[in-house]
Protein chains: 2
Amino acid sequence: MPKADAVNPRTTPALRRKPDLALVEPSLPLEQTAPKATEEIYKSVRDRIRWTLLKRISEGVYRPGERLKELKLAQEFHVSQAPVREAFRELETLGVLISEHYRGTRVREISNRETQEAYHLRGYLEEIAAQLIPLERLQDEIANIEALQETMRGAALSGDMDGFARANVQFHRTIVSLAPNQMLLKVWESLEIGMRSQLTLQKKLSTMHLLAELHQPIVDSLKLQDLKQTGVLLREHSFSFLKEWT
Amino acid sequence: MPKADAVNPRTTPALRRKPDLALVEPSLPLEQTAPKATEEIYKSVRDRIRWTLLKRISEGVYRPGERLKELKLAQEFHVSQAPVREAFRELETLGVLISEHYRGTRVREISNRETQEAYHLRGYLEEIAAQLIPLERLQDEIANIEALQETMRGAALSGDMDGFARANVQFHRTIVSLAPNQMLLKVWESLEIGMRSQLTLQKKLSTMHLLAELHQPIVDSLKLQDLKQTGVLLREHSFSFLKEWT
DNA sequence: GAGGCCGGAATTATCGATAATTTACTTTTA
DNA sequence: TAAAAGTAAATTATCGATAATTCCGGCCTC
């Protein structure tokens, strides 16, 4: 039992101002593939801040290595330091930020080596995933996957890099999500987050067309329900993508 | 530049009391496979709290589903709420805790299904790792691996469950760490953390002996430098372990 | 006596201040 | 004049309070 020191602590009726957050809200157009029931994310100031920071990082607003100052952000968002710090801690654990004791926190710089390793590993994960997909589930989703491939082609033609990137992620993510192992998806996503901040930097139009076509064999072999082969293709796909810009 | 409002903020010479933390320190006998340069961990109150909480969870002091109250812990540690909350956020992102808005945070209950998935995936990861090991590195470490196998046998004989568990983790961890892909190790470790809290619950003496012997074929095939075969064994090893207690 | 409506107690979320530490700059000293 | 030593400013880490929300139990209503 907690000790009953002092008088009664909280007895105020619930009826006050809503927190301001003027500067958080506007920067949250809640577009993007809403990760959860959208409300969930907006419940706490901390969540909104985390979301906003992550968005800015993945958009390249904050560059790798850039220092993020707690009070500066707190001011910008019209909040106090605490929720900013808590958001920092979450993003730090996610591997997006890095902070040193009394020395501030900055956007983590992902080394070339690390990126390569991530792609490498991601390839293997996708291979495993593909091989585990139950054929029933595959049939239900194959149309969606093909549609995403078309979206990529379209985006490549119209030069819509952002749309391309989104469809690309979705393509792979969908395949992984079909495997009956949610842990696998979680791990895959954790790799994805790390790569996203890098991604903004090196997307070229020329590679976009190439990439779009590289997905075709994968779709084909999925349609043939040859999961073994699909797995191999996915693994090699990651590797080739890796070689593109190293 | 930040706005120079009010008077100068901080001008006090650094010379005050060190934080108390009476109740944190004693609960940190800093045993265990010290994760980093031990000092690193002790730098901030938050880190010590996180460490302590994680330890207690993995030791089963806090059970899955148990509610952890911020102020109660803060009192126990003689600190304020803030660092406790920050530690919570880190552990939450790690997947060890789970918290609901205004409803408190509790030790995350890992479902049977999730545990199975984790073991499943871990098996695959170890297979990949084994296949990537450069033979030179293997030669340097094979003696250590064999020693860990001996440690397991010894622990099984003397009924030292804790020692057994540690050697077991180290055995697998060492193998994974030999692969030239640190990301792989990181992912493997993230799975390990999740499983640790469960592990305390279901370790039986009988299975200990069995498990010790199950590692022998792995050691053998490593000594033969047959990485392909080692990988397969590791994968199957995880699967069999999984079947033991489902 | 089942459901709805307070009122208070407990707890989380956030705030505004203070302490501790680093950093950059100035001054001193040899 | 270069190293050392001090000093102020900037920033992080932690604290102690307050606001917001949930939870529980009694009381009323029908």
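These values consider heavy atoms only, across backbone and side chains, with no hydrogens, waters or symmetry-generated copies. Per chain, numbering begins at 1; letters A, B, ... match sequence-line order.
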Can you tell me how far P of dT14(C) sits from CZ of R46(A), to the nearest Å?
7 Å
From CD of E70(A) across to P of dT12(D) the rounded distance in Å is 5 Å
State plainly whether the residues R122(B) and E192(B) are in salt-bridge range, i.e. N to O under 4.0 Å.
yes
Roughly how many Å is it from CD1 in I98(B) to C1' in dT12(C), rounded to a whole number?
16 Å
H101(B) has an atom NE2; how far is it from atom P of dT22(D), in whole Å?
7 Å
Using OP1 and OP2 only, check whether a side-chain N or O of R67(B) sits under 4.0 Å from dT12(C).
yes
Which one, dT14(C), dT14(D), dC15(D), comes nearest to the side chain of V79(B)?
dC15(D)
In whole angstrom, give the distance that lies between atom NE2 of H78(A) and atom P of dA19(D).
20 Å
Rounded to whole Å, the CD-P distance (E100(B) to dT11(C)) equals 16 Å
How far does CZ of R173(A) sit from CG of N168(A), to the nearest 0.5 angstrom?
13.5 Å
For F88(B) and for Y102(A), locate the closest nucleotide of DNA chain C by heavy-atom distance; then report the residue assigned to the nucleotide nearer the 5' terminus.
F88(B)
So, is R103(A) near the phosphate of dT23(C), with a side-chain N or O under 4.0 Å from OP1 or OP2?
yes
Which of these nucleotides, dA13(D), dT14(C), dA13(C), is closest to any side-chain atom of V45(A)?
dT14(C)
According to salt bridge (Lys or Arg N to Asp or Glu O under 4.0 Å), who are the partners of E141(B), at least two apart in sequence or on a separate chain?
none
Distance-only donor-acceptor test (3.5 Å): side chain Q81(B), base dA13(C)
yes
For a quick test of reading the model: is some side-chain N or O of R85(A) closer than 4.0 Å to OP1 or OP2 of dA13(D)?
yes
Nucleotide dT23(C), atom P - distance to CZ of R106(A) in whole Å
10 Å
Among dT12(D), dT14(C), dT14(D), find the nucleotide with the atom closest to the side chain of K69(A).
dT12(D)
Nearest-nucleotide check on DNA chain D, G104(A) vs A82(A); residue mapping nearer the 5' end is G104(A)
Y62(A): what forms a ring pair (Phe, Tyr, Trp, His ring centres under 6.0 Å) with it, not counting sequence neighbours?
none
Listed nucleotide nearest any side-chain atom of S80(A), set dC15(D), dA13(D), dT14(C):
dT14(C)
When you measure from the side chain of R106(A) to the backbone N and O of G65(A), does any donor-acceptor pair fall under 3.5 Å?
yes
Nucleotide dT11(C), atom P - distance to CD of Q75(B) in whole Å
10 Å
